[in-house]
Amino acid sequence: MRMVALLLALLVAGLLVARQLGGGAPAQVQKPEAISDVAVPVVPSRPQDVPKFEQQVEGYVNDLAAEQAKQLEQAESGK
């Protein structure tokens with residue numbers, strides 16, 4: 001009886017190891033067609049332009065966050 005339990009334990013361990021080592025095809029990753037329609041801010045070359053650049057970056061990040069939230073809502077309502 002101990003031998004049967006040992007063989008079953010080895011079989012289960014072997015199956016788990018085989019599954020972990022690549023027992024299937026890797027997951028497919030879908031790349032987005034376009035990241036955003038919003039124009040990316042241009043990095044300033046003069047120190048005086050940094051505050052304006054900061055405002056542009058904040059606006060860009062907020063627009064991206066709103067777009068992602070909208071896409072998430074659409075995905076959730078589609079289920």
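This one's a predicted model, so the numbers in the text were calculated from it and none came from an experiment.
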Co-members of Val4 in a cluster of I, L, V, M, F, W and Y side chains, linked at under 4.5 Å: Leu8

Please round to the nearest 0.5 Å and tell me the distance separating atom CG of Leu11 and atom CG of Leu6. 11.5 Å

Exactly one of Gln68, Gln74, Glu73 should register a side chain to side chain contact (heavy atoms under 4.5 Å, CB included) with Lys70. Which one does? Gln74

Apart from Leu16 itself, its cluster of hydrophobic side chains linked below 4.5 Å comprises Val12

Which donor-acceptor pairs under 3.5 Å do the side chains of residues 43-57 make with protein atoms, sequence neighbours left out?
| from | atom 1 | to | atom 2 | distance (Å) |
| --- | --- | --- | --- | --- |
| Arg46 | NE | Asp49 | OD2 | 3.3 |
| Arg46 | NH2 | Asp49 | OD1 | 3.2 |

What pairs of residues pass the salt bridge (Lys or Arg N to Asp or Glu O under 4.0 Å) test when at least one of them lies in residues 8-18, not counting sequence neighbours? none

Write out all pairs satisfying salt bridge (Lys or Arg N to Asp or Glu O under 4.0 Å) with one or both partners inside residues 4-13, taking only residues at least two apart or from two chains. none

Check the pair Glu76, Leu72 against side chain to side chain contact (heavy atoms under 4.5 Å, CB included), reporting the backbone distance first and the verdict last. CA-CA 6 Å; Glu76 288 177 351; Leu72 182 62; 3.9 Å; yes

